[in-house]
**Student:** 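Sending over a structure as structure tokens; questions will come in a sec.
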Amino acid sequence: MENDSLLDEFNVKNSQTDVQEKWIMEDLTFVLFGATGDLAKRKLFPALYNLFLEGKIPAAFSVIGLGRREWSNEFFQSKVEESLRAYSRRDVQPAGLKEFLAHFQFCAFDATDKNSYRLLHELIENRETELGIPGNRLFYLSVAPQLVEVITSNLNKNGINRTKGWRRLVVEKPFGSDLKSAQQLNKKLSEAFNEVEIYRIDHYLGKPMVQNLESLVYANPALGSLLDLKQIANVQITASETVGVETRAAYYDQAGAIRDMVQNHLLQLVMMTALHLPEKITAREVGLKKIEVIESLRPISKEDAYRDVVRGQYESGVVLNTRVDGYQEEPGVEAGSNIDTYFAARLYIDNPLWSGIPFYIRTGKRLNKKSTRIVIEFKNKKTEIDVLPDEGTIPNLLILNINPNEGISLRLNIKDPSSNRFEPACINFTTDSDDQSEAYELLLFDAMLGNATFFAHWEEVELSWKWIQPLLEAFEADMLPLHPYTAGSTGPEAADQLLQSDQFNWW
Ligand code: BG6
């Protein structure tokens, strides 16, 4: 019943937005590698629980959690419950909790041990028989990057990926650490799964505002006319964070902001913005259009990188009223590390639509505030009228706030009757984030349905790495200075100068 109503709702939603695809929620086994880890605790269990509350998980549903520890099913279920109480956006409801937890079973697992795969296979099959699940298997890899290849090839060797139903592989980032390693990893994965079965997670694609880009113009024809590209001066994409490297130095001190945030999240935001803003396109077209955008991204050569790219690293300072250490003092960071914790760049998309309109992207840790947003700055008609402060230089802005508060603002100039001068005023629409599905809810739901629209496809990932590769080489060859910036600031001055050289400022 629950599934029927879910499907109806889903199909209605699709028909309303003109999307042709129909996805069906089938009974399935969710095999979770890394079930004792942080992501499972903070995001995946709460996401599954909220989907359960909304009637969006299949009727016959088996979750098999895998981890190195020797946990019993009961202990695992108590851990799942703990995580719901700590991290679910909705309060835990006594009704249905037992039923929800009964879906979960645990299997102690060593990714390099053949016997573990045999036991896993048995458990999957036993549960499939017990619950009447027709061999549909979703393998979710929330594990250290070096284990992704090992697990996938062992699933293949041990026949666990050969099933009468469908099979899907969901992989977390990072997907490789440069072009070559990403290509090698993909080659290995494709020995066990077809491209259409591989769901590469980029959780920025699960953020509701990013997904809303798709229907924004369609639902608001007025926006469509507003977004006449001839009127756009530039597009700015910011992902600023207040957190530092935290306990992740072992990974981050190798990756830096360029691999951690730019190659995936920021380039995905560039693609989503560029493909959706001028027009409404269907879910089916998303993948193809994204590839077109990233293919048209003007390459930045290693030699020229210094003109368009700024990298930085935080020094000690005060963030949100708390004194914090600099990157070099963080636990686990190598002495003298020249890893970037800040990245900004100027990009051009050389296609007829966006030609000549700069995209500025930036991201950094230990900045003054947490904010992910896309700002579209409109051309400012220089005016002779002296009613505008600062000689009429305040441009209109369309601001799409992605995180922490989702919303849209339009900044206009409105005449203040008391002074008879134009002053900037914002029309704001903000959603209540407690009512919003979280990125992982939307992505898990899609992966279970088999809708890959908001996942990163191989061609996009490969083209992103191709674009990034010369920059990595410029970093390694020390061809780009690493600008220090104070924790709690807006980043290095060089990033401001990058825009000032084009007569713009960051918003
Ligand atoms: C992750 C990065 O992918 O995204 C983290 O590894 C970063 O370093 C995080 O903090 C930011 O995500 P969000 O959703 O908080 O903007």
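Every number for a ligand or one of its atoms is a count from 1 in the order of the listing. Keep in mind that what you see is a predicted model, and the values were worked out from it rather than measured.
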**Student:** Check the pair Phe33 / Tyr140 against ring-ring contact (aromatic ring centres under 6.0 Å, His included), numbers first and verdict last.
**Tutor:** CA-CA 6 Å; Phe33 296 86; Tyr140 195 113; 9.7 Å; no

**Student:** Using the six-membered ring wherever Trp is involved, compare the ring planes of Phe104 and Phe76 and label them parallel, tilted or perpendicular (cut-offs 30° and 60°).
**Tutor:** perpendicular

**Student:** Compute whether any side-chain donor of one residue and acceptor of the other, for Glu377 and Trp507, lie under 3.5 angstrom apart.
**Tutor:** yes

**Student:** Are the aromatic rings of Tyr314 and Tyr342 close, with centres under 6.0 Å apart?
**Tutor:**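 So the answer is no for these two rings.
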
**Student:** Could you tell me whether Phe359 and Trp354 have their ring centroids closer than 6.0 angstrom?
**Tutor:**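 Yes, the ring of Phe359 comes within the 6.0 Å limit of the ring of Trp354, centre to centre.
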
**Student:** Identify, chain by chain and in numerical order, each protein residue with a heavy atom under 4.0 Å from an atom of ligand 1.
**Tutor:**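 Answer by chain and number: Lys173, His203, Tyr204, Lys207, Glu241, Arg248, Asp260, Met261, His265, Lys365, Lys370, Asn403.
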
**Student:** How about Phe61 and Phe52: are their ring centroids closer than 6.0 Å?
**Tutor:** no

